[in-house]
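Computed from a predicted structure; not experimentally measured.
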Amino acid sequence: MSKISRIKGFADIFAPGSSLFTFMENTARRVFSSYGYSELRVPILEFTELFSRGIGTETDVVQKEMFTFPDRKGRSLTMRPECTAGIMRAYIDANLHARESVSKLFSFGPMFRYERPQKGRMRQFHQLDCECLGAHEPQADAECVAMLMHLMSELGLDQVHLELNTLGCKECRPRYKALLTEFLRGLDVDSFCEDCQRRIVTNPLRVLDCKAPRCKDMTESAPSIGDHVCPECAEHFAVVTGFLSDRGIPFVLNSRLVRGLDYYMRTTFEVVSTTIGAQGSVAGGGRYDGLVAQLGGPDVPGVGYAVGMERVALMLEQNMPDECTARPDFYLAVLEDGALNTALCLAQALREEGFSGETSFAAKSMKSQMRQASKTNARYCLILGKDELAQGTVNVKNMDSGEQRQTPLADAALALA
RNA sequence: GCGGAUGUAGCUCAGUUGGCAGAGCACUUGGUUGUGGCCCAAGGGGUCGGGAGUUCAAGCCUCCUCAUUCGCCCCA
């Protein structure tokens, strides 16, 4: 029989990698809860329209990167490429805005985008996601960013920096867009890369985000959005940056930080790492007033972000957290068939006492048992052979010091403590 | 969607001008009948990613294909 292959871009995550994901989820749960956020689990599959309307028809994500297919009744479904839209839908469905003025929600799970896989980019990837709905105040943006940086620090990530920008609102952004378009058209348009020539027409803001050196040079003196937002947006942004400065949270202003999803406005931010390859954006988010209304709900403002778990995992691998390398307490080596049952009972009793460890399912030579014990990295090796069977004891060996002593079976737990 | 690199033992990889398929690690067994990580010896393991072609002869050269991977793009 031929074996069945894994789907491209879909990873099997074994230990110790899987323990990093558990660590991230546990840490995030703790941090998010401490800010009054509660967990919301939303479906992985949604009607396609949720994403086309929510993320924006013209975005790359919607145009080229979604796993979309019809269900058995011919309706178009899509594996979620991000989870903000799904959370908004749930928020609207549950009529949450009528029950509380501000809703703070977080969610974890797999997302799906049909892209060419590379380091830090899978077709199935995982995000931690946080959304604060109902608050238009800049304090909400500020707390959101602070919470994200708090999470980064709880995860032990220090090789990151925070980038910040404002995109203006639906009043001032179009004015800036027009100004920018005018500036770009005044340049030698043919010298831009192919993508940028297209962007000048479709989405001029993204030209500023182009990585091509030539495009970068040409847009050096482009008008900066920060200088052209309306007074309200400027004031909003000033409160956010002021808070971060007061709190001593370092950030860099990046007037070229443009989020690729249409719904962002005003504050946008990104956490960037330089140690994990080309896909260095570890987290990103911003304000998205108008999205809820866009999805058929009440006109409720929102701000939130997502953290890329695979990318965080790449950073954690460089410096494994202690929690992810916990040693088992024991390995139970069985030398005689007659001791197998006693061993099984002993191991079970120890686990009920709160110890962790494995027992051998078959009797083997001392040599192979010892090798196995080393491999599990257990603190103690418990040996059951014919001598122990006869005496009703177990030989407890400290794997670090090599010390060992015969202990009555009933006292095995004491020996491990 | 575009570009580069790489596919040889379970893992990491050598393989010269085209000439018998290799090493280290891991595994099994023994040295040592009940004490591991070091040492010594022996052993098991291969569709050289797949297919076509050139050749007396292909892991090596040519073409096609598949897969992996790093970038571009995009995003978290």
Side-chain angles (χ1 to χ4, degrees), chain A residues 2-3 5-9 11 24 55 58-66 80-84 108-130 148 160 193-196 198-199 203 206 209-213 215 257-261 264 268-273 276-286 304-315 331 333-336 339 363-378 380-389 395-400 402-404 406:
Chain A
S2 59
K3 67 175 183 183
S5 59
R6 186 165 52 85
I7 300 174
K8 185 201 284 273
M24 284 185 261
I55 300 171
E58 294 308 308
T59 58
D60 282 11
V61 170
V62 169
Q63 288 212 326
K64 323 188 279 205
E65 297 175 359
M66 296 203 304
R80 63 180 184 189
E82 51 104 55
C83 75
T84 303
F108 311 144
M111 312 293 157
F112 305 84
R113 290 184 200 173
Y114 198 99
E115 303 179 89
R116 277 287 281 278
Q118 68 185 71
K119 191 176 184 183
R121 188 175 76 188
M122 291 286 132
R123 287 184 177 179
Q124 175 178 331
F125 61 103
H126 299 79
Q127 291 186 335
L128 307 171
D129 194 275
C130 240
L148 172 57
V160 293
C193 70
E194 234 170 79
D195 287 325
C196 282
R198 180 174 45 80
R199 287 179 186 132
N203 194 350
R206 296 209 64 80
D209 201 31
C210 185
K211 268 71 170 189
C215 299
L257 176 62
V258 179
R259 317 256 70 237
L261 278 44
Y264 287 114
T268 59
F269 50 92
E270 198 164 300
V271 173
V272 183
S273 160
I276 55 169
Q279 305 301 320
S281 295
V282 165
Y305 59 83
V307 181
M309 295 179 74
E310 278 76 4
R311 294 177 188 181
V312 170
L314 286 171
M315 299 195 70
Y331 175 78
V334 183
L335 305 177
E336 302 289 333
K364 291 204 178 123
S365 71
M366 179 60 87
K367 183 167 182 170
S368 51
Q369 290 290 21
M370 277 302 161
R371 283 193 187 171
Q372 192 58 32
S374 305
K375 220 161 76 176
T376 65
N377 195 28
Y380 290 94
C381 181
L382 310 183
I383 303 165
L384 276 180
K386 59 174 187 287
D387 295 351
E388 288 78 12
L389 263 186
N395 186 346
V396 178
K397 172 167 177 157
N398 182 319
M399 294 297 279
D400 297 323
E403 244 176 276
Q404 53 185 310
Q406 295 289 333

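Spacing of P atoms, C40(B) relative to C25(B), comes out at 9 Å, to the nearest Å. On the C1' atoms, G45(B) is 7 Å away from A9(B), given to the nearest whole Å. On the C1' atoms, C20(B) is 32 Å away from A5(B), given to the nearest whole Å. Straight-line distance between the C1' atoms of A42(B) and G51(B): roughly 40 Å, to the nearest whole Å. Comparing the same atom, P, in C70(B) and in U32(B) gives a spacing of 49 Å after rounding to whole Å. The separation of U33(B) from G24(B), taken at their C1' atoms, amounts to 32 Å, rounded to a whole angstrom. Remark: the separation of the P atoms in C13(B) and U6(B) is 13 Å, to the nearest Å.
Taking 3.5 Å as the limit, the base of C75(B) and the side chain of Arg311(A) contain a donor-acceptor pair of atoms between them. No N or O donor and acceptor, one from the side chain of Arg121(A) and one from the base of G71(B), sit under 3.5 Å apart.
With RNA chain B read from its 5' end, the first of the two nearest nucleotides for Gly120(A) and Leu335(A) is the one closest to Leu335(A). A residue-by-residue look at Ser368(A) and Gly285(A) shows that Ser368(A) has its nearest nucleotide of RNA chain B further toward the 5' end.
Comparing C75(B), C70(B), A76(B) against the side chain of Glu115(A) picks out A76(B) as the nearest.
Atoms CE and CE, from Met399(A) and Met370(A) in turn, are 6.0 Å apart once rounded to the nearest 0.5 Å. One distance of note links CD of Glu82(A) with CG of Asp129(A); it measures 7.5 Å at 0.5 Å rounding.
Helical stems in RNA chain B, defined as runs of 3 or more consecutive Watson-Crick or G-U wobble pairs with donor-acceptor distances under 3.5 Å: B:1-7 with B:66-72, B:10-13 with B:22-25, B:27-31 with B:39-43, B:49-53 with B:61-65.
Summarising the geometry, the separation between CZ on Arg116(A) and C1' on A67(B) is reported as 11 Å, rounded to the nearest angstrom.
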Open item on the list: Generate the contact string for nucleotides 35-43 of chain B. Rules: B means base contact, S means sugar-phosphate contact only, - means no protein heavy atom under 4.0 Å.
Closed with: BBB------
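Regarding contacts with the backbone of G1(B), every side-chain N or O of Gln63(A) stays at 4.0 angstrom or more from both OP1 and OP2. For the OP1/OP2 pair of U69(B) and a distance below 4.0 Å, the side-chain nitrogens and oxygens of Gln118(A) include no atom meeting the criterion. Taking 4.0 angstrom as the limit, Lys8(A) places a side-chain polar atom (N or O) nearer than this to OP1 or OP2 of U68(B).
The two residues Gln279(A) and Arg121(A) make their nearest non-hydrogen contact at CG-CB, 4.3 Å. Taking every heavy atom of both residues into account, Gln369(A) and Ala333(A) meet most closely at CB-CB, 3.7 Å.
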